[in-house]
Number of protein chains: 2
Amino acid sequence: MNLNKNSKRRKELVAIAARLFCDQGYESTTVRMLADAMGIKSGSLFHHFNDKQEILFSVIEAGMQHAMQIATQAICELEQPRERLMALARAHLSTLLEDRDAHVVAIYEWRSLTEASRQELVKLRDAYESIWSQVIAECHGAGLIQGNQGLQRRLALGALNWTVQWYRPGVGLEPDDLAAELVAMVLREDACGK
Amino acid sequence: MNLNKNSKRRKELVAIAARLFCDQGYESTTVRMLADAMGIKSGSLFHHFNDKQEILFSVIEAGMQHAMQIATQAICELEQPRERLMALARAHLSTLLEDRDAHVVAIYEWRSLTEASRQELVKLRDAYESIWSQVIAECHGAGLIQGNQGLQRRLALGALNWTVQWYRPGVGLEPDDLAAELVAMVLREDACGK
DNA sequence: GTCTATACGGGGATAGAC
DNA sequence: GTCTATCCCCGTATAGAC
């Protein structure tokens with residue numbers, strides 16, 4: 001077994017798996033399909049991963065780590081709460097679009113993870129959401145909004161995550177317009193968009 | 001094959017299937033598990049349904065038809081746009097909770113439907129969403145809100161549908177509070193909740 | 001690191017008796 | 001309408017050569 005989790009080859013394989021899992025679903029994607037798409041035979045797959053579930057885990061883990069990185073970067077140089085919230089919404093949408101495969105898989109295939117894998121990923125997700133909690137708290141502190149912060153965070157992230165169901169970029173609505181409308185909603189400002 | 005789609009027996013079977021599909025996922029639920037839960041042998045299942053996919057279709061269809069009925073009923077005697085929107089949000093949440101199994105399945109297992117089944121269900125979904133479009137248009141007409149109506153509908157329905165991921169009734173937050181916060185967000189009113 | 005070959009189980013679905 | 005028996009296929013994973 002190859003245990004080098006950061007090899008370039010491994011990352012390629014994970015990206016290919018993400019694509020197939022996203023398109024056809026985890027359970028409907030066979031190890032033979034995965035191997036085909038990777039240009040190897042199915043037996044060789046198990047040199048890189050212990051089992052199929054580990055591939056799923058790796059796909060989701062990669063997506064979450066990248067999301068975390070983008071979000072942190074997006075807000076680190078901003079100071080105004082409203083700007084930071086907007087940057088966070090934009091960052092969230094842009095990872096949702098760039099790493100769409102991985103995030104769709106994270107949303108749909110959670111159930112197929114082992115309990116141990118789930119627990120590890122929950123930690124990553126919680127860390128990501130705590131960034132949102134932080135920025136929403138800043139908005140409250142600045143008097144931009146009142147009420148139930150946890151609920152507002154969940155409704156906002158829900159509305160954003162649900163975009164994978166319907167949003168396709170380049171068909172009239174730009175990602176930034178979408179983020180702007182969401183922030184306006186959360187902060188109860190007048191509608192901005194078209 | 002029993003073709004009576006409205007028999008009481010059939011509805012029971014569909015409800016049982018909804019439960020299993022929701023808990024374990026469609027692909028991971030075998031016809032033998034379904035039969036077990038229904039108290040029959042797997043061969044007998046195919047007297048009621050032509051194939052496994054038809055069971056999935058029936059589960060989702062039932063959930064959507066019920067949602068439509070509840071929504072229509074909820075708003076038919078109301079006249080003020082804001083009241084109608086609130087009633088719609090409450091109705092949506094209550095079907096999401098009452099028929100949770102079916103709606104979770106509708107969200108997660110869409111991919112496993114045949115193209116023909118998908119097309120039929122898309123019609124039902126479109127009909128349901130057009131109720132929302134209508135009421136949101138009324139809110140715009142009354143000057144309660146401006147901007148991109150389709151986007152507002154999608155963000156609102158997204159935030160609501162995403163609640164299946166985190167919301168459990170009876171843990172602090174009542175469904176009506178949730179609906180109220182959502183409506184306040186959509187109409188850009190001051191935060192109402194706790 | 002990839003191959004071939006294969007084990008082993010369990011999947012959906014059918015046939016025909018009762 | 002349910003049963004038993006069974007078909008046939010394809011799923012994941014392993015072993016050992018190269």
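Proteins come first, then strands; the chains are lettered A, B, ... in the order of their sequence lines, and each starts at number 1.
- As a whole-Å value, the separation of F49(B) CZ from dG12(C) C1' is 15 Å.
- E79(B) meets the salt bridge (charged side-chain N to carboxylate O under 4.0 Å, His left out) test with no other residue; sequence neighbours excluded.
- Whole-Å rounding puts the L45(B) CG to dT14(C) C1' distance at 13 Å.
- Going from atom CG of D36(A) over to atom P of dC10(D) covers 14 Å, rounded to whole Å.
- Listed by first and then second residue, the salt bridge (Lys or Arg N to Asp or Glu O under 4.0 Å) pairs involving residues 62-71 of chain B amount to none (not counting sequence neighbours).
- Within the structure, every pair that satisfies the salt bridge (Lys or Arg N to Asp or Glu O under 4.0 Å) test and touches residues 135-147 of chain A, not counting sequence neighbours, is listed here: R84(A)-E138(A).
- Whole-Å rounding puts the I55(B) CD1 to dG11(C) C1' distance at 14 Å.
- Contacts of E98(B) classified as salt bridge (charged side-chain N to carboxylate O under 4.0 Å, His left out), with partners at least two apart in sequence or in another chain: none.
- Applying the salt bridge (Lys or Arg N to Asp or Glu O under 4.0 Å) definition to pairs two or more places apart or across chains, those involving residues 104-122 of chain A are E109(A)-R111(B), R111(A)-E109(B), E115(A)-R118(A).
- In this structure, the CE atom of M33(A) is 10 Å from the P atom of dC10(D), given to the nearest Å.
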Sequence neighbours left out, cut at 3.5 Å: what donor-acceptor pairs do the side chains of residues 153-161 of chain B make with other protein atoms?
unit_1, atom_1, unit_2, atom_2, d
R153(B), NH1, S133(B), OG, 2.9
N161(B), OD1, H92(B), NE2, 2.7
N161(B), ND2, L157(B), O, 3.3

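- Contacts between residues 20-31 of chain B and DNA chain C, counted as heavy-atom distances below 4.0 Å, involve T29(B), T30(B), V31(B).
- Rounded to an integer number of Å, the gap from CZ of F46(B) to P of dG12(C) is 7 Å.
- The existence of a salt bridge linking R90(A) and D176(A) is confirmed by a sub-4.0 Å separation between a basic side-chain nitrogen and an acidic carboxylate oxygen.
- Remark: side-chain polar atoms of Q149(B) are not paired, donor with acceptor, to backbone N or O of Q134(B) under 3.5 angstrom.
- The phosphate of dG11(D) (OP1 or OP2) has a side-chain N or O of R32(A) nearer than 4.0 angstrom.
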Filtered N/O pairs between nucleotides 2-4 of chain D and protein, under 3.5 Å:
unit_1, atom_1, unit_2, atom_2, d
dT2(D), OP1, R9(B), NH2, 3.4
dT2(D), OP2, H48(B), NE2, 2.7
dC3(D), OP2, K41(B), N, 2.5
dC3(D), OP2, S44(B), OG, 3.2

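- Protein atom NZ of K52(A) is 8 Å distant from nucleotide atom P of dA13(D), rounded to whole Å.
- A ring pair (Phe, Tyr, Trp, His ring centres under 6.0 Å) check over residues 59-91 of chain B, counting only residues at least two apart or in different chains, returns nothing.
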